[in-house]
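Reading through the structure tokens given below for one structure.
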2 protein chains.
Amino acid sequence: MKSSIKEVAHLAGVSIATVSYVLNGTKKVRPETEKRVLDSVRKLNYHVNPLARNLRKGESKLIGFVVSDFSNYFFQEIALGIEKQLAKSGYRLLLMDSKEQKETEVDNIKNMLAGAVDALIIAPTSEDSSFLRLLLANNPMPVVFVDRRPEGYETDTVLATNETGAYDAVKTLIDKGHTQIAFLGSRLDSTMQERLNGYRRALEESSIPVNANYIRFGSHESVSQRSLRHGIVYHHTFDLISNYDITAIFSANNLATVGVYSCIKETNLKVPQDIAFITFDDSFWLTMTTPAIAAVAQNPEEMGKVAANLALEKLLDSQSFEEYSFQEIRISTQFILRGSI
Amino acid sequence: MKSSIKEVAHLAGVSIATVSYVLNGTKKVRPETEKRVLDSVRKLNYHVNPLARNLRKGESKLIGFVVSDFSNYFFQEIALGIEKQLAKSGYRLLLMDSKEQKETEVDNIKNMLAGAVDALIIAPTSEDSSFLRLLLANNPMPVVFVDRRPEGYETDTVLATNETGAYDAVKTLIDKGHTQIAFLGSRLDSTMQERLNGYRRALEESSIPVNANYIRFGSHESVSQRSLRHGIVYHHTFDLISNYDITAIFSANNLATVGVYSCIKETNLKVPQDIAFITFDDSFWLTMTTPAIAAVAQNPEEMGKVAANLALEKLLDSQSFEEYSFQEIRISTQFILRGSI
DNA sequence: TCTTTTTGGTTATTCGTTTAAGTTAAAATT
DNA sequence: AATTTTAACTTAAACGAATAACCAAAAAGA
């Protein structure tokens with residue numbers, strides 16, 4: 001069933017080179033000969049073997065995406081964006097999930113580096129990227145980071161405007177008269193730090209003291225959408241609601257939101273009367289709750305697209321230039337007002 | 001940077017064959033020689049070129065997944081399951097999204113067939129698989145279908161127990177006293193037909209007449225999680241609520257649920273007092289609504305795992321047997337009682 | 001001691017392409 | 001008519017590994 005170029009050549013009565021030239025249009029061939037070749041191709045149902053082609057050409061037309069937590073819909077949307085963009089350029093997506101585990105991430109990256117991808121997009125499990133620097137050192141492949149910035153490692157990165165987004169959210173709460181605003185995050189990484197900075201700036205600009213008790217994080221270990229429902233964030237929320245005079249909660253990402261909102265629901269607090277609530281990361285389900293939940297929407301699909309573009313761009317550039325400068329691209333967030341504040 | 005086996009061999013002072021034998025353990029080598037080779041490997045930071053290896057071995061260690069709609073979280077979970085299972089066996093996932101478009105699906109499948117994957121898992125866009133049969137005819141690659149059965153095409157398929165699941169849901173509604181139960185589906189395909197059969201059986205067993213007006217479907221064209229919120233299903237729901245005496249709605253999949261529930265919310269109907277509501281497909285957000293929404297949970301991750309297993313199994317079998325029998329595996333659904341009924 | 005077996009390698013072919021470098025006959029130029 | 005150019009191919013050498021077939025030296029058996 002799987003026919004090779006050799007058999008096509010034989011059937012058409014030409015050399016394999018001619019078949020290749022016809023198929024790739026890389027050299028002029030007499031129309032008559034071309035027809036014979038094409039007919040043979042059809043008759044044998046021939047398809048090029050990409051392995052052979054890629055081996056020869058030194059490329060695989062494959063882009064790897066090593067994702068920290070593929071069970072999180074935020075990253076699924078990023079993957080969606082990447083796939084969409086790659087498809088347009090004839091590249092394909094090779095996906096590996098690190099399941100928020102560093103060792104798995106290292107394995108995945110090693111696999112990708114050895115594994116014949118032309119470029120690599122990484123949504124890292126943590127900001128500690130010393131091991132990544134080592135791994136990726138003197139590696140000629142374009143590498144793009146998305147969602148989290150690797151510390152001390154110069155490379156292309158696609159991030160949301162975390163600081164501004166958080167600032168917008170908290171500012172809106174303040175404008176509505178809130179001063180006792182809690183910050184709940186799933187865990188403190190570079191991205192979360194930026195959101196915290198936005199939170200701080202909004203408070204400080206309005207001369208509202210920052211209360212360290214109001215700032216809480218979930219575990220630093222592996223977390224998942226599922227386990228968070230009654231996880232550490234849930235308990236922090238419960239503590240804040242029970243023992244502190246907070247009137248509003250800013251949940252700094254979708255993982256935290258699951259914990260925070262589960263708690264708010266179960267304690268039967270009225271939103272926004274008893275407690276105002278706003279979250280980073282939008283999703284369709286935020287309109288299904290009563291009331292609907294206000295959000296700072298990231299655009300993960302766009303982030304994926306941009307990351308893919310960046311990777312492809314570097315791929316083309318790398319032919320001509322050896323050294324290139326690294327970009328940090330920010331995808332802007334969008335404030336979405338809903339009934340929860 | 002990218003060193004080949006040749007350079008390793010040269011540095012170690014042996015032939016490339018020896019290097020290969022050491023690396024694969026395919027032949028006995030003197031410990032002393034082995035050490036020299038391994039040292040050279042380390043020194044040159046050598047990694048096998050999978051393209052070359054695969055070309056030679058005639059395999060790619062890649063499994064393709066052509067998914068009908070990757071923006072739907074149901075399929076994202078399937079992908080998750082597939083990836084998990086493949087990772088265990090040293091295979092990797094190549095993902096292509098058909099975006100519910102037949103032409104894209106055909107392109108994707110062609111790409112995969114030509115594209116050096118060892119097996120193919122397909123979540124088809126529609127049940128009309130005549131073109132698939134053609135495409136996959138006399139193709140030696142294992143092909144597994146998931147979520148939808150291709151009509152008139154014999155191959156391995158992984159499906160949920162759709163009939164029973166729907167039956168359970170509707171039976172529960174009947175037991176609660178409902179007789180005017182609507183069936184809302186996103187569109188009528190083989191899977192939806194099975195669910196409709198379950199709905200019918202439950203009604204018939206309780207001698208409740210099946211009212212054709214109560215059975216509605218969304219568009220047959222491409223639909224997405226997003227566009228459905230105010231799409232055709234929404235309008236069907238509105239019509240049913242306004243002009244018919246229904247007391248309960250069974251939403252037959254997650255896409256329909258978005259439309260149905262959006263409508264219920266916006267018309268300010270009390271659930272379950274005014275209208276009881278239950279849906280096929282579970283998701284964490286169903287517990288975030290007020291009240292929480294009862295569901296017939298599929299296990300998409302498990303479906304993905306099983307599909308991956310099936311593909312890998314056939315892959316190994318195909319070495320020894322030329323002809324094998326096709327399996328249809330059903331993953332059982334689970335009824336989850338929540339406040340909406 | 002002479003033959004046989006085992007050990008530890010090497011050589012050479014193959015996988016299916018692409019492509020640089022040749023080749024030959026026809027067309028164009030002088 | 002002799003020479004150069006062009007068109008249309010073909011030949012052969014990669015790409016990087018795996019592996020069957022071969023070989024020399026050492027070990028074992030007789």
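To find a chain, count down the sequence lines: A is the first, B the second, and so on, and within it residues start at 1.
- Using a 4.0 Å heavy-atom distance criterion, Asn24(A) is classed as a sugar-phosphate-only contact.
- Looking at Ser60(A) and Asp118(A), their side chains do bring a donor and an acceptor atom within 3.5 Å of each other.
- Per the geometry, CD belonging to Glu59(B) stands 16 Å off P belonging to dA17(D), to the nearest Å.
- Contacts of Thr18(B) with the nucleic acid, taken as non-hydrogen atoms under 4.0 Å apart, include base atoms.
- Distance, Glu34(A) CD to dC9(D) P: 10 Å, rounded to whole Å.
- Using a 4.5 Å cut-off on side-chain heavy atoms (C-beta onward), Asn49(B) and Ser4(B) make no contact.
- Nucleotide dG16(D) holds its P atom 16 Å from the NE2 atom of His10(B), rounded to whole Å.
- Proximity note for Arg30(A) (side chain, C-beta onward) versus dA17(D), dA8(D), dT10(D): the nearest is dA8(D).
- Mapping Thr26(A) and Ala52(A) onto DNA chain C by nearest heavy atom places Ala52(A) closer to the 5' end of the strand.
- Atom-to-atom, NE2 of His47(A) to P of dC15(C) comes out at 20 Å; the value is rounded to the nearest Å.
- If you take NZ of Lys57(B) and P of dT13(C), they are 22 Å apart, rounded to a whole angstrom.
- Residue Ser4(B) is in sugar-phosphate contact alone, with no base atom involved, counting any heavy-atom pair closer than 4.0 Å across all strands shown.
- Residue Ala17(B) is the one, among Ala17(B) and Asn49(A), whose nearest nucleotide of DNA chain C lies closer to the 5' end (criterion: closest heavy atom).
- We find that CD1 of Ile16(B) is positioned 11 Å from C1' of dT13(C), with the value rounded to whole Å.
- Using a 4.5 Å cut-off on side-chain heavy atoms (C-beta onward), Leu120(B) and Pro142(B) make no contact.
- With respect to Phe65(B), the side chain to side chain contact (heavy atoms under 4.5 Å, CB included) criterion is satisfied by exactly one of Asn108(B), Val146(B), Ile122(B), Leu86(B): Val146(B).
- Regarding contacts with the backbone of dG9(C), every side-chain N or O of Ser15(B) stays at 4.0 angstrom or more from both OP1 and OP2.
- One can place CG of Asn54(B) at 15 Å from P of dT17(C), the figure rounded to the nearest angstrom.
- Checking the phosphate oxygens (OP1, OP2) of dT19(D), no side-chain nitrogen or oxygen of Ser20(B) falls inside 4.0 Å.
- Residue Lys27(B) places a side-chain atom within donor-acceptor reach of the base of dG9(C), judged by atom type and a 3.5 Å distance cut-off alone.
- Side-chain N/O atoms of Arg56(B) and base N/O atoms of dA17(D) include no donor-acceptor pair closer than 3.5 Å.
- The residue Val19(B) sits apart from the nucleic acid: no heavy atom pair falls under 4.0 Å.
- Among the heavy atoms of the strands, none lies under 4.0 Å from Leu51(B).
- Taken to the nearest 0.5 Å, the CD atom of Glu77(A) stands 9.0 Å off from the OH atom of Tyr73(A).
- For the pair Arg53(B) CZ and dT19(D) C1', the computed distance is 13 Å after rounding to whole Å.
- Thr157(B) and Glu328(B) share no donor-acceptor pair across their side chains, judged by distance under 3.5 Å alone.
- The base of dA17(D) does not come close enough to the side chain of Tyr21(B) for any donor and acceptor atom to sit less than 3.5 Å apart.
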